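Residue numbers begin at 1 in each chain, while the letters A, B, ... track the order of the sequences. Everything numeric in this text was worked out from a predicted model, so none of it was measured.
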Protein chains: 2
Amino acid sequence: MTTPHPDPLTLDVIELIGAVVARYHEEYDRAAADHALTGAQARVLSLLSVDPMPMRKVARTLKCEPSNITGIVDRLELRGLVERRPDPADRRVKLAAPTEEGHRTARQLRDALGFAREPLAELSEEERTVLRDLLRRMLGTQREA
Amino acid sequence: MTTPHPDPLTLDVIELIGAVVARYHEEYDRAAADHALTGAQARVLSLLSVDPMPMRKVARTLKCEPSNITGIVDRLELRGLVERRPDPADRRVKLAAPTEEGHRTARQLRDALGFAREPLAELSEEERTVLRDLLRRMLGTQREA
DNA sequence: TATTGTTATACTCTATAACTATA
DNA sequence: TATAGTTATAGAGTATAACAATA
């Protein structure tokens, strides 16, 4: 099912990816905390700032149970960062969308996410292109469509 | 403090890194769940399987409060995967170390972590070397020593 | 009947503060 | 007095199951 014994080079890369994941989270949580948001709240807000969507779809996108989203959006709504709008096409649906302040916060969050920006500044344009293409091919594996 | 307007190429890479982080977590949590462990429990167990250490050091390494580690190790100990040993040199210290079964579980966890192994199989050895070096340079930024 | 969002429940993770036993 | 680990507490995230409104 899986390759049982990766070579040392692959193990190195796996370890480096683990380090990237750890760094990414540190930076993301710090940026969220600067706005008194939890990581989960920041993730939902950022998602909605790209594209408002029904609660159900938020859960699907974040791969968690719909009941969780209720609470997270509750807290964002209490902070005035998100609002629930009716869906004219289906009265069961509630569309979660950032308020104007929510959009501002999401933008600041994105700008504050220094990760991969400062480190990437170390790389030349050509190197960043190579990195982009390698990551794309890695992620392209096991993808549908 | 930070570069305000990354170029499109950099934005692409940042987005890809976000996708890598998401995929990494999916796989990690799934592998942990297969052993009825939470992500946090699996992380602590994996850390200890590399190197048993005082509770305090676990917290420092995972960048969380020491009081959290008490509960996580409690649950791992209840499952028979980890044990607390006295430190002969300092009677305040408790060394957390995997049991034999804990080591087995940690090994299975590592083997089950398909991420970056299957995707990396798509890349040639030369490409993996390039990827490793680029990631190293990215992470090398902002590192002490 | 099926689906959307919610509520209720239980467990885990998390930080903070206070405690204990050592040093 | 300082440090290691723990406890107590409160808030947040998570999954499960049951529910009301709507389709």
Quiz item: Starting at CG of B:Asp74 and ending at C1' of D:dG5, how long is that distance when rounded to a whole Å?
Solution: 11 Å
Exercise. Mind grabbing the angle between the end helix axes of the helix from C:dT1-D:dA23 to C:dA23-D:dT1? Five pairs an end, 10° rounding.
Key: 10°
Exercise. Report yes if some heavy atom in the side chain of A:Arg136 is under 4.5 Å from a heavy atom in the side chain of B:Asp12; otherwise report no.
Key: yes
Quiz prompt | Side chain to side chain, A:Val130 and A:Glu127, heavy atoms closer than 4.5 Å | solution = no
Quiz prompt | Neighbours of DNA chain D within residues 35-44 of chain B, by heavy-atom distance under 4.0 Å | solution = none
Quiz item: Given A:Glu27 and A:Arg30, is the salt bridge (Lys or Arg N to Asp or Glu O under 4.0 Å) satisfied, shown in steps?
Solution: CA-CA 5 Å; A:Glu27 303 239 5; A:Arg30 183 190 46 68; 3.4 Å; yes
Quiz item: Less than 4.5 Å apart, any side-chain heavy atom of B:Ile72 and any of B:Arg43?
Solution: no
Quiz item: A:Leu120 versus A:Leu131: any side-chain heavy-atom pair under 4.5 Å?
Solution: yes
Quiz item: Hey, does the side chain of B:Glu77 reach the backbone of B:Arg84 with a donor-acceptor pair shorter than 3.5 angstrom?
Solution: yes
So which protein nitrogen or oxygen atoms get under 3.5 Å of nucleotides 21-23 of chain D's nitrogens or oxygens?
unit_1 : atom_1 : unit_2  : atom_2 : d
D:dA23 : OP1    : A:Arg91 : N      : 2.9

Self-check item: N/O donor-acceptor pair under 3.5 Å between B:Arg132 side chain and A:Leu9 backbone
Solution: no
Quiz item: Would you say the side chain of B:Asp51 lies within less than 4.5 Å of the side chain of B:Lys57, judging by non-hydrogen atoms?
Solution: yes
Quiz item: Of all residues at least two apart in sequence or in a different chain, which pass the ring pair (Phe, Tyr, Trp, His ring centres under 6.0 Å) check with B:His25?
Solution: A:His25
Quiz item: Do you know which two heavy atoms are closest between A:Val58 and A:Ile69, and how far apart they sit?
Solution: CG1-CD1, 3.7 Å
Exercise. Report the C-alpha separation of B:Thr10 and A:Arg128 in whole Å, then their side-chain angles, then the decisive distance to 0.1 Å, and conclude whether the side-chain hydrogen bond (donor to acceptor under 3.5 Å, both in side chains) test is met.
Key: CA-CA 7 Å; B:Thr10 299; A:Arg128 276 174 284 173; 2.9 Å; yes
Quiz item: Of the non-hydrogen atoms in A:Thr38 and A:Ala32, which two are nearest, and what is the gap between them?
Solution: O-CB, 3.9 Å
Quiz item: Ignoring hydrogens and geometry, is there a side-chain-to-backbone donor-acceptor pair from A:Arg85 to A:Pro52 under 3.5 Å?
Solution: no
Quiz item: By a strict heavy-atom criterion of less than 4.0 Å, which residues belonging to residues 75-88 of chain B are in contact with DNA chain D?
Solution: B:Arg84
Self-check item: Polar side-chain atom of A:Arg137 near backbone of B:Leu123 as donor-acceptor pair, under 3.5 Å
Solution: no
Self-check item: Strand-adjacent residues in residues 54-73 of chain A, judged by heavy atoms under 4.0 Å from DNA chain D
Solution: A:Cys64, A:Glu65, A:Ser67, A:Asn68, A:Ile72
Quiz item: Taking side chain as C-beta onward, heavy atoms only, is A:Asp29 less than 4.5 Å from B:Lys63?
Solution: no
